[in-house]
*Asks:* 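My structure is below; once you've seen it, I'll send some questions.
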Amino acid sequence: MKRNQKFKNIVETEEELRSIIGFPSELVNRKVIPYLDEHCTDFISKSPFLVISTSDDGGFCDVSPRGDAPGFAVVLDEKHLIIPERPGNRRIDSMRNILLNSRVGLLFIIPGMEETLRVNGRATLIHDEQLLEKMKVKERKPLIGIGVEVEECFIHCAKVFKRSKLWDTNSWMSKEMLPSASKILSAHSQFRNEDVTRMLEKSYTKRLY
């Protein structure tokens with residue numbers, strides 16, 4: 001692999017990395033389980049948001065958000081869950097990757113809770129009408145679902161949320177200071193900002209389901 005000349009003192013082995021970072025505690029070593037127990041199932045039932053990481057057969061990675069009402073990701077049993085695919089921008093990055101490489105990682109988040117739940121496993125694209133019917137919202141069922149066969153899951157500590165103060169509203173920027181999605185899209189796509197704003201508004205109000 002060609003080195004990135006921008007970065008110096010590159011760590012190249014796990015032994016070198018361990019000499020810098022150290023080793024996990026016994027608690028961390030023992031916290032991983034290969035199935036969804038009642039605690040994981042309860043966590044997922046209360047989570048309205050997750051991110052899914054995928055990669056293609058060449059290792060090119062993608063991470064993408066998914067969200068809906070709490071429990072939108074449905075646990076079928078201790079080894080299987082399914083994520084409904086709601087209308088999006090039709091790039092289908094995650095799903096195209098899954099067709100090439102079934103390995104996925106999920107991170108479940110509950111608003112106000114600083115610990116997260118990590119689930120890793122193998123994914124399959126599901127077009128099972130009976131299953132998809134159960135995930136119908138506003139009389140519209142998802143066209144497809146992402147089924148995940150669980151290989152490992154574990155709770156992730158709260159340090160990053162504490163450091164970032166993600167749920168502390170006092171740390172939030174005012175809306176006037178936030179980046180403008182329409183301006184970013186306009187600059188990247190070379191569409192007029194007013195056209196992008198109109199398209200986003202239509203997508204957000206007419207195409208949620």
Side-chain angles (χ1 to χ4, degrees), residues 21-55 61-88 93-95 97-99 101-169 208-209:
I21 302 297
F23 292 84
S25 68
E26 186 64 18
L27 173 63
V28 172
N29 280 330
R30 294 174 59 181
K31 72 177 181 177
V32 181
I33 60 174
Y35 61 93
L36 300 170
D37 68 355
E38 68 273 21
H39 304 293
C40 297
T41 300
D42 180 59
F43 195 110
I44 293 170
S45 75
K46 294 172 180 173
S47 171
F49 183 83
L50 66 86
V51 291
I52 178 171
S53 64
T54 59
S55 67
C61 298
D62 181 74
V63 63
S64 179
R66 296 291 189 278
D68 210 326
F72 74 100
V74 178
V75 174
L76 302 178
D77 57 43
E78 65 178 18
K79 292 293 287 185
H80 300 89
L81 63 86
I82 185 168
I83 304 163
E85 187 67 19
R86 305 297 185 197
D93 297 292
S94 300
M95 290 184 285
N97 282 345
I98 288 168
L99 291 174
N101 178 0
S102 65
R103 295 284 186 182
V104 297
L106 309 176
L107 180 72
F108 288 92
I109 297 172
I110 298 175
M113 182 172 180
E114 294 178 321
E115 289 80 12
T116 54
L117 181 71
R118 291 168 59 177
V119 177
N120 298 318
R122 292 184 179 273
T124 307
L125 302 184
I126 305 297
H127 190 52
D128 184 320
E129 296 292 335
Q130 198 170 16
L131 277 177
L132 297 176
E133 183 72 23
K134 296 177 181 179
M135 292 179 283
K136 182 187 292 186
V137 175
K138 295 186 177 180
E139 298 306 311
R140 294 187 179 182
K141 65 182 176 185
L143 297 177
I144 204 163
I146 297 175
V148 178
E149 182 179 358
V150 175
E151 294 180 332
E152 62 176 13
C153 49
F154 53 96
I155 202 79
H156 191 103
C157 80
K159 288 180 181 177
V160 295
F161 279 76
K162 291 184 179 298
R163 287 191 288 254
S164 66
K165 299 182 179 179
L166 187 66
W167 303 129
D168 180 2
T169 57
L208 283 183
Y209 298 99

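Just so it is clear, the model here is predicted, and its values are computed rather than measured. The residues of the chain are indexed from 1 along the displayed sequence. Values reported hereafter were calculated over all heavy atoms of this structure, with side chains retained and with hydrogens, waters and symmetry mates removed.
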*Asks:* May I have the step-by-step check of side chain to side chain contact (heavy atoms under 4.5 Å, CB included) for V74 and M135, ending in yes or no?
*Replies:* CA-CA 8 Å; V74 178; M135 292 179 283; 3.9 Å; yes
*Asks:* Which heavy-atom pair separates E115 from A158 by the least distance, and what is that distance?
*Replies:* OE2-CB, 3.5 Å
*Asks:* For F161, is there any backbone N or O sitting under 3.5 Å from a side-chain donor or acceptor partner on W167?
*Replies:* no
*Asks:* Do any N or O atoms from the side chain of K79 and from the backbone of V150 form a donor-acceptor pair under 3.5 angstrom?
*Replies:* yes
*Asks:* Can you check salt bridge (Lys or Arg N to Asp or Glu O under 4.0 Å) on K141 and E129, steps first, answer last?
*Replies:* CA-CA 9 Å; K141 65 182 176 185; E129 296 292 335; 2.3 Å; yes
*Asks:* Between S94 and D62, is any pair of side-chain heavy atoms under 4.5 Å apart?
*Replies:*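 In short, these two side chains touch, coming nearer than 4.5 Å.
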*Asks:* Which heavy atom of C153 sits nearest a heavy atom of V119, and at what distance?
*Replies:* CB-CG2, 3.9 Å
*Asks:* Rounded to the nearest 0.5 Å, what's the gap from CG on L81 to CD1 on I83? Could you check?
*Replies:*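 Those atoms lie 5.5 Å apart.
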*Asks:* Just wondering, do L117 and C40 contact through their side chains at under 4.5 Å, heavy atoms?
*Replies:* yes
*Asks:* Might you point out which heavy atoms bring V104 and A123 nearest each other, and give the distance in Å?
*Replies:*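 Heavy-atom minimum between the residues: CG1-CB, 3.5 Å.
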*Asks:* Decide yes or no for L50 and I109: does some side-chain heavy atom of the first lie under 4.5 Å from some side-chain heavy atom of the second?
*Replies:* no
*Asks:* Distance from L125 atom CG to H127 atom NE2, nearest 0.5 Å?
*Replies:*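 Nearest 0.5 Å value for the CG-NE2 distance: 11.0 Å.
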*Asks:* Distance check, rounded to the nearest 0.5 Å: L132 atom CG versus D128 atom CG?
*Replies:* 6.5 Å
*Asks:* Quick one: pull up CE in M113 and CG in L166 and give me the separation to the nearest 0.5 Å.
*Replies:* 14.0 Å
*Asks:* Does a sphere of radius 6.0 Å around NZ in K136 hold more than 12 heavy atoms from other residues, nucleotides or ligands, not counting ones at 6.0 Å or beyond?
*Replies:*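 Yes, enclosed.
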*Asks:* With a 3.5 Å cut-off and no angle check, do the side chains of H39 and D42 form a donor-acceptor pair?
*Replies:*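 Side-chain D/A pair, H39 to D42: absent.
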*Asks:* Would you say that I146 contacts I82 through its side chain, given a criterion of any heavy-atom pair below 4.5 Å between the two side chains?
*Replies:* no
*Asks:* Does a donor on one side chain and an acceptor on the other come within less than 3.5 Å for S55 and N101?
*Replies:*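 Short answer, yes.
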*Asks:* Go through the side-chain N and O atoms of E152 and N120 and say whether any donor and acceptor fall under 3.5 Å apart.
*Replies:*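 N120 and E152 do have a side-chain donor-acceptor pair below 3.5 Å.
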*Asks:* How about L131 and I126: do any of their side-chain heavy atoms sit closer than 4.5 Å?
*Replies:*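 Yes, close enough: below the 4.5 Å cut-off.
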*Asks:* Under a 4.0 Å N-O cut-off, is there an ion pair linking E151 with R103?
*Replies:* yes
*Asks:* Can L106 and V51 be said to form a side chain to side chain contact (heavy atoms under 4.5 Å, CB included), step by step?
*Replies:* CA-CA 6 Å; L106 309 176; V51 291; over 6 Å; no
*Asks:* Are side-chain heavy atoms of P48 and P111 found at a separation under 4.5 Å?
*Replies:*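 Side chain of P48 against side chain of P111, heavy atoms only: contact under 4.5 Å found.
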*Asks:* State, with a plain yes or no, whether a side-chain heavy atom of I144 is found less than 4.5 Å away from one of M95.
*Replies:* yes
*Asks:* Would a distance-only check, ignoring hydrogens and angles, find a side-chain to backbone donor-acceptor pair under 3.5 Å from S102 to I98?
*Replies:*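 Between the backbone of I98 and the side chain of S102 there is no qualifying donor-acceptor contact (under 3.5 Å).
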*Asks:* Looking only at side chains, do Y209 and D68 share a donor and an acceptor under 3.5 Å apart?
*Replies:*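 D68 and Y209 do have a side-chain donor-acceptor pair below 3.5 Å.
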*Asks:* Please check this pair: side chain of S47 against backbone of F43, looking for a donor-acceptor N/O pair closer than 3.5 Å.
*Replies:*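 Not at all, since once roles are kept as given, no pair shorter than 3.5 Å links the two residues.
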*Asks:* Do T116 and R118 have side-chain atoms, one donor and one acceptor, less than 3.5 Å apart?
*Replies:*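 No, no side-chain donor-acceptor contact under 3.5 Å.
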*Asks:* How long is the gap from CZ on F72 to CZ on F49, to the nearest 0.5 Å?
*Replies:* 8.0 Å
*Asks:* Does atom CG (L99) have a neighbourhood of more than 12 heavy atoms from anything else shown, all under 6.0 Å?
*Replies:* yes
*Asks:* Please tell me if the side chains of R66 and R86 come closer than 4.5 Å, counting only heavy atoms from C-beta onward.
*Replies:*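 A side-chain contact is absent here, since even the closest heavy-atom pair is not under 4.5 Å.
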*Asks:* What's the separation between atom CG in D93 and atom CD1 in I52, rounded to the nearest 0.5 Å?
*Replies:* 11.5 Å
*Asks:* With a sphere of 6.0 Å drawn around NZ of K162, does it hold more than 12 non-hydrogen atoms of other residues, nucleotides or ligands?
*Replies:*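 No, the 6.0 Å shell around NZ holds no more than 12 heavy atoms from other groups.
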